[in-house]
Amino acid sequence: MNIFDLYQTKITKLVKSANQNKLIENIDNIEKTNVDLPPKHFDCDISTNVAMILAKNNNTSPIKISEILITLFKKDFSEIQDISFAKPGFINIKFKLSFWNNFLKELINDKNFGKNNNIINKSYLLEFVSANPTGPLHVGHCRGAILGDVLANLLLFNNHTVNKEYYVNDYGNQILYFTKSVYYRIREKLYNEPFPKDNKDLYPGDYLINIASNIINKNNNLNFDNFNEISTELTKLSVQESLNLIKLNLNNLGISHDKFISETDLVNNQEVEKVIEKLKKKDFVYNGKIKAPENEKNSNWVERDQLLFKSTYFGDDKDRALQKEDKSWTYFASDTAYHNNKVERKFDVLINILGADHAGYIKRITSVVEALSGEKNKLICKVSQLVKLIKDNKPFKMSKRKGDYITIEDLIEEVGKDATRFIMLSRSSDVEIDFDFTKVKEKSKDNPLYYVQYCYARISSVFRNAQLKLENNIVIDKFNFNYSKDEIKIIKKISEWPKCIDIATNRLEPHRIPVYLYELASDFHSYWNMGKDDQSKRFLTKENKISNEKKVFLKAISNVIKTGMSIIGVSTPDKM
RNA sequence: GCGCCUGUAGCUCAAUUGGAUAGAGCGCUUGGCUACGGACCAGGAGGUUCUGGGUUCGACUCCUAGCAGGCGCACCA
């Protein structure tokens, strides 16, 4: 139950009937009203701006409107204890205890408390990670990976359908160089030939040695004497080995995709030609030249005639190349084919999670999706900003070349899966994260993750001491508890949970969940410590018994913590 | 030069789609453990929300013009 939505509906209804009874003449902008949380220093529970909204069109003052509405409220809503007007025009409502008792009664055994049951379910295609299959993932990749995974969890929690996909860029020059690198490592192993370290195009990382060994061991029928003869086969094997590493990384982070889509397959199945025909028919493809960029280092700019997509039509800076000089497809062309494939599968919404370094790509890919689907905003691109690594108080630049980078394996080993997920999620994805590797290791004790987990562990401990099981449903007939002000404060916080989920889902901003959970945990710890001075705030009696009132209170808190933590994909241990 | 992101307390960040007196953590500072687990809590100091203009009853939030930092700007992927 979202009490804010509930009251929004109630208020709208009330205003409409006031309108029919000629009490309020003009209610055109009734949609603009909202129901919100009042500031802390007001002794009330919810607040609405409806009087200010209606005052304008009716050419009157908010106080006049509020007088009418308050009278109606008092008549119709028995759960209201107090309702008042506050400058500059808010109506503040305070509920009776019975309201909060009913609220708890509804959510106490509801494992899905927070879910919005009123929204229309949609089908989503969520593409994320999609890192090149040329080696294991590094720390930079994992932010987007976690973001995507949690977005999927959020959408699923709200009953949407979600397909999680990984687009495998196993086509093009990078893959050719990667395969060649593997080839040289194989020759190094078999024939003792030194790896050409001065070739800047090759991948020097040590992990290639393992990949090479694996390929040799699994394929003793292959002849490695001539690269050209085995290049197709070797590409496949090398990509496969890379993907195994990547899947292992993702698995360590608790992430799994439903589907891996191969770029090579799309190209081999003529999907690129198909989509270009489709775009040509709509007159979005032509042969032409691109203008040189206006930066300084364009002295060696070569103007070429190329097959171009008319992305300027959709507001892009320039049209984008689909074909290279040698007539092979650009990355953008095959990605267009992939997105056409997505469009043809008829999802309601497409979402791509991109790293900040690919943000410049968004305009052209959303343009092409609009061209193909005829729908604006069919594709939503979510950018995850950089993770700035800091080591020993210095920025730490990762370099694959030097073998100087932090892998996901390092990270999980040092920090742990749960802490990694929690930290990566606790900031808005629009903001860069400082990830101080040294500090996170040292200070893992005062990590916000533990603060929230500790809350759950404390509640578990109370139930354990009372010989009860926290996960069992609570069976109580009468909810007429006399909660104190400090308890109501936490119950009110719980009532914000559905709103938090709503906003996080609608705006695709999962960071709101760890932020909320931290606040809830903070309120709880604060209450817990009150028990030291005040017997009535202790959960257990001397005989280790717990009252129904306290049982319900704790269960409600633990439900929200548990649900929230499972959405962000971290554990809630009973003991720490 | 252009595009995207960011600019809030000394530092790292929140701020419920435009609400009322802008909140946390760290750091600084004063207190609290014969414990329902102190991985905790209570208090204090700390703000011209980068700047100017605009819209609005109301702006950290929207518009506009700047300033500063980050990322990107070819046929790489």
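On a predicted model such as this, the values are computed, not experimentally measured, just so you know. Every chain is numbered from 1 and lettered A, B, ... according to where its sequence line falls, protein lines coming before strand lines.
A tilted orientation is assigned to the rings of A:F553 and A:Y483, their planes being inclined by 30° to 60°.
The residue A:H511 sits close only to the backbone: its heavy atoms come under 4.0 Å of sugar-phosphate atoms, none of a base. Base engagement by A:S461 is indicated by at least one non-hydrogen atom pair under 4.0 Å involving a base atom. Among the protein residues, A:E325 comes within range of the nucleic acid bases, having at least one heavy atom under 4.0 Å from a base atom. Counting any heavy atom pair closer than 4.0 Å across all strands shown, A:I362 reaches no nucleic acid atom. Residue A:G172 is in sugar-phosphate contact alone, with no base atom involved, counting any heavy-atom pair closer than 4.0 Å across all strands shown. Contacts of A:A457 with the nucleic acid, taken as non-hydrogen atoms under 4.0 Å apart, include base atoms. Residue A:L37 is classed as a base contact, given a heavy-atom separation below 4.0 Å to a base. Across all strands shown, A:N2 has no heavy atoms under 4.0 Å from either base or sugar-phosphate atoms. Using a 4.0 Å heavy-atom distance criterion, A:V431 is classed as a sugar-phosphate-only contact. Using a 4.0 Å heavy-atom cutoff across all strands shown, A:N92 reaches at least one base atom of the nucleic acid. Among the atoms of the strands shown, only primed sugar atoms or phosphate atoms (P, OP1, OP2) are found under 4.0 Å from some heavy atom of A:D36.
For A:Y451 and A:Y518, the gap between ring centers is short of 6.0 Å.
No option in A:Y167, A:Y166, A:Y338 other than A:Y166 meets the ring-ring contact (aromatic ring centres under 6.0 Å, His included) test with A:F260.
Going from atom CD1 of A:I353 over to atom P of B:C4 covers 20 Å, rounded to whole Å. If you measure from atom CD of A:Q8 to atom C1' of B:U16, you get 13 Å, rounded to the nearest angstrom. A straight line from CG of A:N447 to C1' of B:C40 spans 16 Å, rounded to a whole angstrom. Rounded to an integer number of Å, the gap from A:K56 NZ to B:U55 P is 13 Å. Taking atom OH on A:Y450 and atom P on B:G37, their separation rounds to 21 Å, with Å as the unit. Taking atom CE of A:M530 as the reference point, atom P of B:G43 lies 9 Å away to the nearest angstrom. If you measure from atom OH of A:Y518 to atom P of B:A15, you get 16 Å, rounded to the nearest angstrom. A:F4 has its CZ atom 14 Å from the C1' atom of B:G19, to the nearest Å.
At a cut-off of 3.5 angstrom, counting only N and O atoms as typed in the model, there is a donor on one side and an acceptor on the other between the side-chain of A:N529 and the base of B:C40. No N or O donor and acceptor, one from the side chain of A:K87 and one from the base of B:G58, sit under 3.5 Å apart.
Checked by atom type, the side-chain pair A:D335/A:Y361 shows a donor-acceptor distance below 3.5 Å. Defined by atom type and a distance below 3.5 Å, a donor-acceptor pair is missing between the side-chain atoms of A:Y456 and A:D574. With 3.5 Å as the limit, one finds a donor-acceptor pair spanning the side chains of A:Y527 and A:E487. For the residue pair A:S328/A:D326, the side-chain donor-acceptor check at 3.5 Å is satisfied.
Base pairing analysis places B:G38 opposite nothing; no Watson-Crick or G-U wobble pair with both distances below 3.5 Å involves it. Pairing of B:G1, defined by two Watson-Crick or G-U wobble distances under 3.5 Å, is identified with B:C73. Nucleotide B:U61 has no partner under the Watson-Crick or G-U criteria, as no pair reaches both atom distances under 3.5 Å. Pairing of B:A14, defined by two Watson-Crick or G-U wobble distances under 3.5 Å, is not identified with any nucleotide.
Comparing the C1' positions of B:C71 and B:U51 gives an interatomic distance of 24 Å, to the nearest angstrom. Rounded to the nearest Å, the gap between the C1' atom of B:U48 and that of B:U29 is 26 Å. Between B:C62 and B:G19, the distance separating the two C1' atoms is 14 Å to the nearest Å. Spacing of C1' atoms, B:A68 relative to B:U30, comes out at 39 Å, to the nearest Å. Spacing of C1' atoms, B:A59 relative to B:G53, comes out at 14 Å, to the nearest Å. Spacing between B:G58 and B:G54 at atom P, rounded to whole Å, works out to 12 Å.
A distance cut-off of 5.5 Å between ring centres, combined with a plane angle under 30°, leaves A:Y451 outside any stacking arrangement with the base of B:A39. Residue-nucleotide stacking is not present for A:H525 and B:C41, judged by a side-chain ring centre under 5.5 Å from the six-membered base ring centre and planes under 30° apart. Taking the 5.5 Å centre cut-off and the 30° plane limit, the aromatic side chain of A:H358 is classed as stacked on B:A77.
Inter-residue side-chain proximity for A:K469 and A:F463 is flagged as unmet; no heavy-atom pair is nearer than 4.5 Å.
The listed nucleotides are B:U17, B:C71, B:C76; the one nearest the side chain of A:A356 is B:C71.
Nearer the 5' end of RNA chain B, as judged by each residue's closest nucleotide, is the contact made by A:F42, out of A:Y527 and A:F42.
Contact between the side-chain N/O atoms of A:W528 and the OP1/OP2 oxygens of B:G37 is not found at any separation under 4.0 Å.
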